[in-house]
Amino acid sequence: MNVNQLIDMIVRTVVRRAVNGGVNAGFDAMSNLGRKSRKAPPPQHQPEPDPERERIRQMRQARRAARNEQEL
């Protein structure tokens, strides 16, 4: 076996592994891209606040504020 043939064989092996690694990385990136887009939930808008709940929340805050003033 000639030295040039040996060097060519080694270079071909290294290049083949590098190309295969790049191709595999590309396929992995593309498969993850599809998976990521499916996991992201669509943005949802907040529902209108219920006036009754808002009234109760304000009453609770007022009670809390009055209680805090009594403690001081």
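All values below come from the heavy atoms of this structure, side chains included, with hydrogens, waters and symmetry mates left out. One is the number of the first residue; the rest follow in order along the sequence.
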| field | Test side-chain contact (heavy atoms from CB on, under 4.5 Å) applied to R64 and R60, step by step | value | CA-CA 6 Å; R64 194 176 304 136; R60 196 178 313 128; 3.7 Å; yes
| field | Check against side-chain contact (heavy atoms from CB on, under 4.5 Å), L6 and M9 | value | CA-CA 5 Å; L6 183 62; M9 187 175 65; 3.7 Å; yes
| Atom CZ of R55 and atom CE of M59: how far apart are they, to the nearest 0.5 Å? | 5.5 Å
| message | Are the side chains of I56 and R53 in contact, using a 4.5 Å heavy-atom criterion? | response | no
